[in-house]
Amino acid sequence: MVQTTWLRMKRSWELYLLVLLPVLYLIIFQYIPMFGVIIAFKDFNIIKGILGSPWVGFKHFTDLFQSPNFPLLIKNTLLISLYSLLAGFPIPIFLALALNEIRTGFFKKSVQMITYAPHFISTVVMVSIIILMLSPHVGVVDRLFTFFGWSDTNFMGEPKLFKSIYVWSGVWQEMGYASIIYIAALAGVDPSLYEAARMDGASRIKKILHIDLPSLLPIAITMLILSLGSVMGVGFEKIYLMQNSLNVSTSEVISTYVYKVGLLGANFSFSSAVGLFNSIINLVLLVSVNAIARRVSENSLW
């Protein structure tokens with residue numbers, strides 16, 4: 001058996017060489033650093049190192065759960081994640097369905113290029129655009145508001161507006177790029193299905209409902225599972241750059257809190273405990289949602 005496996009590997013050595021780099025990347029940058037997670041159960045001291053630091057058990061987890069900031073962190077993280085999911089998940093599907101119905105090649109390619117382009121804007125530039133657009137007195141949006149008689153508004157300083165600004169700017173930036181996978185799925189639909197529907201007199205709406213949407217359902221369920229599996233993992237960079245002292249009550253999430261406590265406050269053990277708690281919740285959600293999807297729709301990751 002070993003000899004047969006070796007011969008098979010020898011015949012396909014190019015494929016194994018191709019997969020070698022991704023495997024090495026996972027081992028070096030994903031699995032080996034997991035050893036450092038034990039500092040969440042230690043009172044980490046840089047001088048003593050990871051192995052030399054004393055064990056404290058679940059002390060840091062207890063401090064997290066008893067922290068007055070804990071309810072606010074969970075609330076903001078969940079609200080922003082669920083808001084992003086509800087707003088951002090269906091729009092790429094609608095965009096893919098709309099583009100699939102366009103028959104004019106130039107117009108279709110133009111729309112695709114315009115909607116894909118924002119994805120390649122860096123986070124720093126994106127936040128700079130948001131701040132410049134929404135700045136009081138000089139921002140385009142505020143100037144437009146004052147033109148119609150409304151008072152000046154500091155949009156970035158309004159806590160109640162932070163989530164909407166963060167979510168909808170993200171939807172605008174990512175909807176085109178996120179629609180690519182759905183467009184690819186629609187491109188693989190058997191053309192004979194459309195021909196049969198056309199001969200039966202089906203309208204465009206009926207073709208979308210009975211051909212396009214069922215074709216997108218498996219990939220949509222997979223993307224939904226992956227999205228729900230990272231519901232506690234709100235991105236750090238954009239939120240941190242948009243955050244200020246006025247909106248911190250609604251913008252402080254787990255990732256920004258870990259940065260402030262762990263790196264700025266040099267409390268590495270506590271921040272590791274927060275990060276580990278976050279990862280465990282994401283893992284439980286991923287496994288649970290995958291199991292529910294497998295029972296309900298027979299489509300799942302595994």
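By convention here, the first residue in the shown sequence is residue 1.
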Query raised in the report: Looking at L216 and Y182, what are the two nearest heavy atoms and their distance?
Result: CD2-O, 3.5 Å
Requested in this report: If a pair satisfies side-chain hydrogen bond (donor to acceptor under 3.5 Å, both in side chains) and one of its residues is in residues 256-282, list it, with sequence neighbours excluded.
Outcome: Q243-K260, E252-T256, E252-K260
Requested in this report: Would you kindly say whether S84 and K163 are connected by a side-chain donor-acceptor distance under 3.5 Å?
Outcome: no
Query raised in the report: Going by heavy atoms in the side chains, are I180 and Q112 under 4.5 Å from each other?
Result: no
Requested in this report: Grab the two heavy atoms, one from L95 and one from S179, that are nearest each other, plus how far apart they are.
Outcome: CD2-OG, 3.8 Å
Query raised in the report: Can the ring centres of F58 and F41 be said to be less than 6.0 Å apart?
Result: yes
Report task. Give the intermediate values and the outcome of side chain to side chain contact (heavy atoms under 4.5 Å, CB included) for residues V171 and W168. Result -> CA-CA 5 Å; V171 170; W168 289 108; 4.1 Å; yes
**Report entry** Test item: V261 and V274 side chains (from C-beta on) under 4.5 Å apart, heavy atoms
**Finding:** no
Report task. Show your working on ring pair (Phe, Tyr, Trp, His ring centres under 6.0 Å) between F65 and F70 and close with a plain yes or no. Result -> CA-CA 6 Å; F65 299 145; F70 181 70; 5.4 Å; yes
Query - Side chain proximity check, I254 to V234, heavy atoms < 4.5 angstrom - result: no
Query raised in the report: Do N247 and Y166 have side-chain atoms, one donor and one acceptor, less than 3.5 Å apart?
Result: no
**Report entry** Pairwise side-chain contact, W172 with M126, heavy-atom cut-off 4.5 Å (strictly under)
**Finding:** yes
**Report entry** N244 (side chain) donor-acceptor with G157 (main chain) under 3.5 angstrom
**Finding:** no
Report summary line: Residues S215 and P218: closest non-hydrogen pair is O-CD, 3.6 Å
Report summary line: Under a side-chain separation threshold of 4.5 Å, the hydrophobic residues clustered together with V19 are V23, I27, I32
Query raised in the report: What pairs with D43 under salt bridge (Lys or Arg N to Asp or Glu O under 4.0 Å), at least two apart in sequence or on another chain?
Result: none
Query raised in the report: Which distance, rounded to the nearest 0.5 Å, do you find between the CZ of F44 and the OG of S53?
Result: 5.5 Å
